[in-house]
Chemist: 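The structure is given below, and queries will be raised subsequently.
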2 protein chains.
Amino acid sequence: MAKSDSVTIADVAKRAGVAKSTVSRIINDVPGVKPVTRSKVLQAIEELGFRPNMLARSLKTNMKQQIALAIDDIRNPYYPELAWAVEQVAKEHGFRLVLINHYGNPSEELSIMGKVNEMHIDGIIMSTISFPAALKKYINHSTVPVSLIGNLGDDVNADMVYLSKPEGTLAMEHLIRIGCTNIAYAGGPKEVHQGTRYAAYEAALSANFLKLDPGNVYIGSDFSLQTGIQAADYISGLPELPGGVYAANDMIAIGLIQRLLEKGIRVPEDIAVVGVDDISWSTITRPRVSTVSNLTAETGRIAAELLIQRIKEGQTTPLRKVQLEPRLIVRESTVKVMES
Amino acid sequence: MAKSDSVTIADVAKRAGVAKSTVSRIINDVPGVKPVTRSKVLQAIEELGFRPNMLARSLKTNMKQQIALAIDDIRNPYYPELAWAVEQVAKEHGFRLVLINHYGNPSEELSIMGKVNEMHIDGIIMSTISFPAALKKYINHSTVPVSLIGNLGDDVNADMVYLSKPEGTLAMEHLIRIGCTNIAYAGGPKEVHQGTRYAAYEAALSANFLKLDPGNVYIGSDFSLQTGIQAADYISGLPELPGGVYAANDMIAIGLIQRLLEKGIRVPEDIAVVGVDDISWSTITRPRVSTVSNLTAETGRIAAELLIQRIKEGQTTPLRKVQLEPRLIVRESTVKVMES
DNA sequence: ATGAAAGCGCTAACAG
DNA sequence: CTGTTAGCGCTTTCAT
């Protein structure tokens, strides 16, 4: 248990011949300390190699200068950018970032919220996929501020950032606008992404008086390239080749496109393909992938800013909800362009 | 400053009619507490909704149950998997993960090591790119254990995980084995990746009595797809087309291959291309990319285990160094295969 | 088997 | 301008 070498504020005080509180004042830049005293103490700090014990400070001030980010899986390409944006903002405000993967597992998500006050954090950003009712309770009872990515309703005690409409809506509208009537869907399990990815498919069809053919829907096991490849095999075997495919994310779109091309099916001439996420890979495949940007970095930045602001001002001010507009990005996978 | 509602061990003790120490014993599973007392206390805990303040506990025990991982940039595709592996192991041992990006910035790296004891962590894993001498001093003076990714020498007080040889060596040997004599290099700045990516190029050439033609070396500004594309433009314009290209990572290799194909240069027939990293994308491009796996997840896992073991046993036991064997993975970008 | 008391290293009134 | 005095909430001897 031996507290190693650690030199404390008391050691410094003794060495400098002052009281602990004076040392405290100096390391906290409290004004009104005689310059000569200050330099005496500074010197003692230097000589002793004193470093304040933040743990003790935190115990006293109740500020840990740390926030958590709970996400599905950092290996999913959406999250590194989100995490990066969050860490940037955190760092600017002198906060560190604790990263937690919950793998979309509802019980994990609950367990995280149940442990927030054992976590040395001042607040938490949750990017939840499934959203069990129990989670809402946990959030509402949480002692630390919560910032949510996604719109989880008005009865949740948390600031939120979310898109003004599902990305998929833009993707579908685009396909319809360029003349597709027979549109296929390629995605992972329907429930994931709070179901909005798939729901947008159904909604857009019905909003445009197009009929939903269950045969046009390919549901894979995840949101990977592999799923895209399998979707291509499925879709290319359909009795009637769809004019367009709405892929639930760019990874799927890319796998899908590659496989279609291998099979001699031209994109976009035979099939137009649009994805969602605007990951960087989408700009370098051939054809480059039309997609919908969900403003990942912007989302992370705002979520972090909302949280830190909330940490600073407490639960007094009203909850904030920030809506972001998803943005359609048209590239060659949906429209033939002049120059390659 | 108001310490909100927080119910403490003292509240529980009063409610249960026992001493604080008894409550402490119970929440720490210290044996030798009469069952009836135990249940009385447990009930009080339940009724009051008591949750131990880990900060206070940490101050006393000096264990924060938290480790840090300092990396270049989480957006670089190597790191999410590393971070994931580290977090897995951390979680298994009841530790949380603090993620820090240093952007390969030497002064940032130093600043991180300078702040380790203000960070509420029990140890830190550093994946450093540049390795200034000053960093060595910081590490050797660090009060918390350090686990290093990469071999930084014998005079550094840290456990280490690293590859037994540069990945590039395997990549180059492969190209040479399949008959390339005129081999180009495509990479980012030479110093990055501790210089091993490029150094392997020079070393392999001279080990095989091949002459180094500076005109065959393309140095881009980073390790992105874009650099690969630019490298392709450069290499395809060379007076004599090289028989093979060693790309410093798979991103570059992929950008390079796509661009070569666009220009009507066949891969691997005209040029064989090998990358490094074995990122998942390399399995779905056409042709799929031959590469060298650097065992990312394994590296993360071991780094985390070394660190946590060190945290538990202290600086008494000798330093550990774990070597991993990089593995060549041959795909279609270097050899023509029978079935596509 | 349990209680009393002394801190962990720091901050924050309150005096002087 | 600086010192004294209480704690923050918990663990941990040492008694009983």
Side-chain angles (χ1 to χ4, degrees), chain A residues 1-42 44-45 48-65 117-122 143-144, chain B residues 1-42 44-45 48-65 117-122 143-144:
Chain A
M1 222 77 311
K3 215 40 171 270
S4 67
D5 41 0
S6 64
V7 20
T8 82
I9 207 181
D11 302 326
V12 176
K14 178 151 29 143
R15 173 97 170 208
V18 300
K20 289 193 308 178
S21 48
T22 302
V23 178
S24 175
R25 283 181 191 108
I26 285 161
I27 63 183
N28 287 298
D29 285 324
V30 176
V33 178
K34 223 196 310 186
V36 49
T37 321
R38 160 174 242 90
S39 59
K40 244 190 340 192
V41 171
L42 252 22
I45 287 177
L48 267 40
F50 165 82
R51 313 252 55 195
N53 178 330
M54 300 316 253
L55 225 42
R57 176 178 294 176
S58 291
L59 178 59
K60 196 62 189 161
T61 62
N62 207 25
M63 284 292 292
K64 297 113 196 162
Q65 300 300 100
N117 33 15
E118 314 183 0
M119 270 167 59
H120 292 205
I121 58 172
D122 300 309
T143 54
V144 309
Chain B
M1 221 77 311
K3 214 41 171 269
S4 67
D5 41 1
S6 63
V7 20
T8 82
I9 207 182
D11 302 324
V12 175
K14 179 153 25 143
R15 172 97 170 209
V18 299
K20 290 192 308 178
S21 46
T22 303
V23 179
S24 175
R25 282 179 192 110
I26 285 161
I27 62 183
N28 287 298
D29 286 323
V30 176
V33 179
K34 226 194 311 186
V36 48
T37 320
R38 160 174 242 91
S39 58
K40 245 190 339 192
V41 171
L42 253 22
I45 288 177
L48 266 42
F50 166 81
R51 312 252 57 196
N53 178 329
M54 300 316 252
L55 226 42
R57 177 177 294 175
S58 291
L59 178 60
K60 200 61 190 161
T61 63
N62 207 25
M63 283 292 292
K64 298 112 197 161
Q65 299 301 99
N117 33 14
E118 313 184 2
M119 270 167 61
H120 292 207
I121 58 171
D122 300 309
T143 54
V144 309

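This one's a predicted model, so the numbers in the text were calculated from it and none came from an experiment. Naming convention: chains lettered A, B, ... in sequence-line order (proteins, then strands); numbering from 1 in each chain.
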Chemist: Could you state the interatomic distance from CD (A:Gln65) to CD (B:Glu118), rounded to the nearest 0.5 Å?
Modeler: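 CD of B:Glu118 is found 11.0 Å from CD of A:Gln65.
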Chemist: Please report the C-alpha distance between A:Thr8 and A:Asn53 in whole Å, then the side-chain angles of each, then the deciding distance to 0.1 Å, and finally whether the side-chain contact (heavy atoms from CB on, under 4.5 Å) criterion is met.
Modeler: CA-CA 8 Å; A:Thr8 82; A:Asn53 178 330; over 6 Å; no
Chemist: Search all heavy atoms of A:Ser58 against all heavy atoms of B:Leu55 and return the closest pair with its distance.
Modeler: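 That would be CB-CD2, 3.6 Å.
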Chemist: For D:dG7, does the base pair up with any side-chain atom of A:Lys60 as donor and acceptor (N or O, under 3.5 Å, distance only)?
Modeler: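 Yes.
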Chemist: Could you tell me whether the phosphate oxygens of D:dG9, OP1 or OP2, come under 4.0 Å of any side-chain nitrogen or oxygen in B:Ser6?
Modeler: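 Yes, because at least one side-chain N or O of B:Ser6 sits under 4.0 Å from OP1 or OP2 of D:dG9.
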Chemist: Take atom CG of B:Asp29 and atom P of D:dT11, then tell me their distance rounded to the nearest Å.
Modeler: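 After rounding, the reported distance stands at 12 Å.
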Chemist: Could you give the CZ-to-P distance, from B:Arg57 to D:dT12, as a whole number of Å?
Modeler: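 For the pair B:Arg57 CZ and D:dT12 P, the rounded distance is 9 Å.
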Chemist: Please give, in whole Å, the distance from C:dA4 P to B:Lys14 NZ?
Modeler: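 Rounding to the nearest Å, NZ of B:Lys14 and P of C:dA4 are 14 Å apart.
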Chemist: So what does B:Thr22 hit on the nucleic acid, given a heavy-atom distance under 4.0 Å: a base, only sugar-phosphate, or nothing?
Modeler: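 Here B:Thr22 touches the backbone only, sparing every base.
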Chemist: What about A:Arg25: does its side chain form a donor-acceptor pair under 3.5 Å with the base of D:dG3?
Modeler: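 Yes, a donor-acceptor pair under 3.5 Å.
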Chemist: If you compare every side-chain N and O of A:Ser24 against the phosphate oxygens of C:dT11 (OP1, OP2), does one of them come in below 4.0 Å?
Modeler: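 The answer is yes; a side-chain N or O of A:Ser24 sits under 4.0 Å from OP1 or OP2.
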Chemist: A:Asn62 CG to D:dC10 P: how many Å, rounded?
Modeler: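 Nearest whole value for this atom pair: 12 Å.
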Chemist: Measure from the side-chain heavy atoms of B:Lys20 and tell me the nearest of D:dC10, C:dT11, C:dT2.
Modeler: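 Nearest to the side-chain atoms of B:Lys20, counting from C-beta on, is D:dC10.
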Chemist: Over how many whole Å does the gap from A:Lys64 atom NZ to C:dG9 atom P extend?
Modeler: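 Atom-to-atom, A:Lys64 to C:dG9, this comes out as 20 Å.
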Chemist: Counting side-chain heavy atoms from C-beta on, which of C:dC10, C:dG3, C:dG9 comes nearest to B:Ala19?
Modeler: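 Of C:dC10, C:dG3, C:dG9, C:dG3 is nearest to the side chain of B:Ala19.
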Chemist: Considering only heavy atoms and no angle criterion, is a donor-acceptor pair shorter than 3.5 Å present between the side chain of B:Ser21 and the base of D:dT11?
Modeler: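 For B:Ser21, whose side chain was compared with the base of D:dT11, there is no donor-acceptor pair (under 3.5 Å).
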Chemist: Need to verify one output field. Residue with the more 5' nearest nucleotide on DNA chain D, A:Thr37 or B:Ala56?
Modeler: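 Its nucleotide being nearer the 5' end, the pick is A:Thr37.
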Chemist: Roughly, in whole Å, what's the span from CE in B:Met54 to P in D:dT11?
Modeler: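 Rounding to the nearest Å, CE of B:Met54 and P of D:dT11 are 8 Å apart.
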Chemist: When you measure from the side-chain N and O atoms of B:Asn28 to the phosphate of D:dT11, is any distance below 4.0 Å, counting only OP1 and OP2?
Modeler: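 Answer is yes, contact under 4.0 Å.
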Chemist: Starting at CZ of B:Arg51 and ending at P of D:dG9, how long is that distance when rounded to a whole Å?
Modeler: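 Computing the B:Arg51:CZ to D:dG9:P distance gives 16 Å.
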Chemist: Touch check for A:Thr8, heavy atoms < 4.0 angstrom, all strands: base, sugar-phosphate only, or nothing?
Modeler: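 Since only primed, P, OP1 and OP2 atoms lie under 4.0 Å of A:Thr8, the category is sugar-phosphate.
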Chemist: In this structure, how many angstroms lie between the P atom of D:dG9 and the CG atom of A:Leu55, rounded?
Modeler: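 Result: 14 Å.
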Chemist: Nearest 0.5 angstrom please: A:Lys14 NZ to A:Leu48 CG, how far?
Modeler: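 Answer rounded to 0.5 Å: 10.0 Å.
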Chemist: Does some side-chain heavy atom of B:Asp122 sit less than 4.5 Å from a side-chain heavy atom of B:Val144?
Modeler: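 No, every pair of side-chain atoms sits at 4.5 Å or beyond.
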Chemist: When we call it a touch if two heavy atoms are under 4.0 Å apart, what does B:Ile27 touch: a base, just sugar-phosphate, or nothing?
Modeler: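 Contact class for B:Ile27: sugar-phosphate only.
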